[in-house]
2 protein chains.
Amino acid sequence: MAERKSRAQQIADDLRGAIRSGAYGAGDRLPTRAELAKRYDVASATIAAAIDQLRADGLVEGITGSGVYVRAHRPVLRSARNRLSRDERAAGRGAFTTDAHTGGWTPRSEVTVRTGPAGEQIAELLDIAPTEQVLIRDRVMYADDDVVQLATSYLPLAIATPEMAVPDTGPGGLYARLEEAGHPLTRYEETVRAGRADHDEAAALATTPGTTVFRLVRVASTAECPVEVNRITMLAERFELYYDLPAR
Amino acid sequence: MAERKSRAQQIADDLRGAIRSGAYGAGDRLPTRAELAKRYDVASATIAAAIDQLRADGLVEGITGSGVYVRAHRPVLRSARNRLSRDERAAGRGAFTTDAHTGGWTPRSEVTVRTGPAGEQIAELLDIAPTEQVLIRDRVMYADDDVVQLATSYLPLAIATPEMAVPDTGPGGLYARLEEAGHPLTRYEETVRAGRADHDEAAALATTPGTTVFRLVRVASTAECPVEVNRITMLAERFELYYDLPAR
DNA sequence: GAGTGGTCTAGACCACAAC
DNA sequence: TTGTGGTCTAGACCACTCC
């Protein structure tokens, strides 16, 4: 069963072990490419390939002209079990803020609001016509000044109120405003995929292309119909999704 | 915002577009490395790097000595909303089988059973001592003859019955046996992470190291205490996790 | 035996950091 | 100015497939 490892793979595993064991601590600089090439007796491109793996794993960060540094073990952002609860909204917190509050990190968002046609995918989820206008809220979300997720929210214009169309939706966020506007939410459906960031996502998330990301689609519904779709892209290395499911 | 793309990145994007657009269909062979190197006027190693990306995305599969082939777009295995329900178990289906039944694919498992000490991580989740013996069930799970996930289940020996210690736990699976044995399940907690397959996982999943995977930990509990922990590794490109959450 | 993908080499160039 | 990481080149070797 044990297949042959490539030399680059072996070196990557070796370095990974050295980092995990603490031989190189957070913030430390790894030996230079030339140094490692000599130590392992391989070409420098082979070292580069090994380091590529560590970078993809988020273990290490290369800074051109300076060195390759062990990344600080940044805390995992655990999605909170109560992040969609009315109690949290009543306390003035939205889903992201609830996660932040539970995890003890500092949240921040940059929001832009626009309108446009729903398009096919969103229309199907919202059960409306693809040409129907929707309110689109783009958010870039930070945890302690690191970009950690992107979210785009779609809401039929027919349902939207003026307070939903401004960047800051106030305490409890969009869901609180929806319930106030006479749309009590009864159900959330979340669909989770994992993949790799493409060039544009990587730029928005301030990482390199190929970084592992979660892609989550949440549909919030009232008893009658879906009212909001939220497409979220999260840095996988920073998140842990948590679901508490009652047996039935 | 638009940062500079490397040449390999550009070529990867170009080929990706050609595949998506249907210029290369499922099962087609891409031009050879030499051919592509000539066409794009780059060294063959640059083509190899570009193809590496497509392979990591699961778009393409390289067969040494033969060629690089566009992979058949295999269906996404959507985790079923009712996969943990008693109704499904009463119909003789476990969680994996329920997903299969809902999605219309054919499930198969290979199971090995052993016992051993819980170890720290599992012990904490099960709320027992790390030295306490647990029943360990290793499963390799197939969908239509492709390995798609690995699962290891941990169960305190104190709770286990003889029927839980054999490879085939019978209709409804382990959870059905647990409930029969007087441990009615009230709650499941799932924690989801995403990452990259290491060398060993890749071998077990019959892919290449670096493939994106879900890592899911499920803790099944009775009203009194946790009774089972299941650590699941799934090929991310084959799965979509679905959660249906009532508002509260 | 010819051709292929997967891997590695030795060397090069560039943009950038550090001095 | 020097050294670094990131990228690419031209060429090579191997195991493998296909003929």
Side-chain angles (χ1 to χ4, degrees), chain A residues 2-15 19 24 27-71 199 202-203 206-211, chain B residues 2-15 19 24 27-71 199 202-203 206-211:
Chain A
E3 301 182 8
R4 202 184 103 268
K5 286 189 192 183
S6 74
R7 193 81 185 95
Q9 179 80 242
Q10 289 173 34
I11 294 170
D13 288 346
D14 196 42
L15 291 174
I19 291 170
Y24 300 112
D28 287 359
R29 206 188 75 166
L30 294 191
T32 70
R33 206 168 58 175
E35 165 70 21
L36 289 172
K38 199 168 122 191
R39 180 183 309 178
Y40 287 104
D41 191 27
V42 295
S44 96
T46 304
I47 297 295
I51 301 246
D52 263 357
Q53 291 190 29
L54 302 187
R55 228 178 354 150
D57 287 341
L59 259 182
V60 119
E61 179 184 20
I63 299 179
T64 302
S66 174
V68 176
Y69 298 86
V70 177
R71 283 184 32 180
H199 190 264
T207 35
T208 50
T211 304
Chain B
E3 300 181 9
R4 201 185 105 269
K5 286 189 192 181
S6 73
R7 193 80 185 96
Q9 178 80 243
Q10 290 173 33
I11 294 169
D13 288 347
D14 196 40
L15 292 173
I19 291 170
Y24 301 112
D28 286 359
R29 206 188 75 166
L30 294 191
T32 69
R33 206 168 58 175
E35 165 70 20
L36 288 172
K38 201 168 121 190
R39 182 184 308 179
Y40 287 104
D41 190 28
V42 295
S44 96
T46 304
I47 297 295
I51 302 247
D52 263 356
Q53 291 190 28
L54 302 188
R55 226 175 359 148
D57 287 342
L59 259 182
V60 119
E61 179 184 18
I63 299 178
T64 301
S66 173
V68 176
Y69 299 86
V70 177
R71 283 187 30 182
H199 189 265
T207 33
T208 49
T211 303

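Every value quoted in this text rests on a predicted model; they were computed, and no experiment measured them. A, B, ... follow the sequence lines: proteins, then strands. Residue 1 opens every chain.
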Check: [Y] and [X] side chains under 4.5 Å, non-hydrogen atoms:
X	Y	answer
L59(A)	V70(A)	no
L54(A)	V68(A)	no
V60(A)	Y24(A)	no
Y40(B)	Q10(B)	no

Starting the side chain at C-beta, find the nucleotide from [options] nearest to [X].
X	options	value
A48(A)	dT9(C), dG6(D), dT7(D)	dT7(D)
R29(A)	dT4(D), dC18(D), dA17(C)	dT4(D)
A43(B)	dT7(D), dT9(D), dT9(C)	dT9(D)
S6(A)	dG5(C), dT7(C), dA15(C)	dT7(C)
T46(A)	dG5(C), dT7(C), dT9(C)	dT9(C)

Just how far, in rounded Å, is [atom2] of [N] from [atom1] of [X]?
X	N	atom1	atom2	result
K5(B)	dG6(D)	NZ	C1'	18 Å
L54(A)	dG6(D)	CG	C1'	15 Å
K38(B)	dA10(D)	NZ	C1'	17 Å
I47(B)	dT7(C)	CD1	C1'	16 Å
L30(B)	dG6(C)	CG	C1'	15 Å
R33(A)	dC13(C)	CZ	C1'	11 Å
Q9(B)	dT7(D)	CD	P	9 Å
E61(A)	dG6(D)	CD	C1'	14 Å

OP1 or OP2 of [N] sitting under 4.0 Å from any side-chain N/O of [X]?
X	N	answer
R7(B)	dT9(D)	no
T64(B)	dT4(C)	no
S66(A)	dA18(C)	yes
R55(A)	dG5(D)	no

Sugar-phosphate, base or nothing in reach of I51(B), heavy atoms under 4.0 Å
nothing
Identify whether any heavy atom of A45(B) sits under 4.0 Å from a base atom; if not, whether one sits that close to sugar-phosphate; answer base, sugar-phosphate or nothing.
base
First of G67(B) and I63(A) reached from the 5' end of DNA chain C, by closest nucleotide
G67(B)
Hey, which sits more toward the 5' end of DNA chain C by its nearest nucleotide, Y69(A) or A49(A)?
A49(A)
Pick the nucleotide of DNA chain D nearest each of S44(A) and G65(A); which residue has the one closer to the 5' end?
G65(A)
Just one of R39(B), R33(B), K38(B) clears the salt bridge (Lys or Arg N to Asp or Glu O under 4.0 Å) bar with E35(B), so which one?
R39(B)
Knowing that exactly one of I47(B), T46(B), D14(B) qualifies, which makes a side-chain contact (heavy atoms from CB on, under 4.5 Å) with L36(B)?
I47(B)
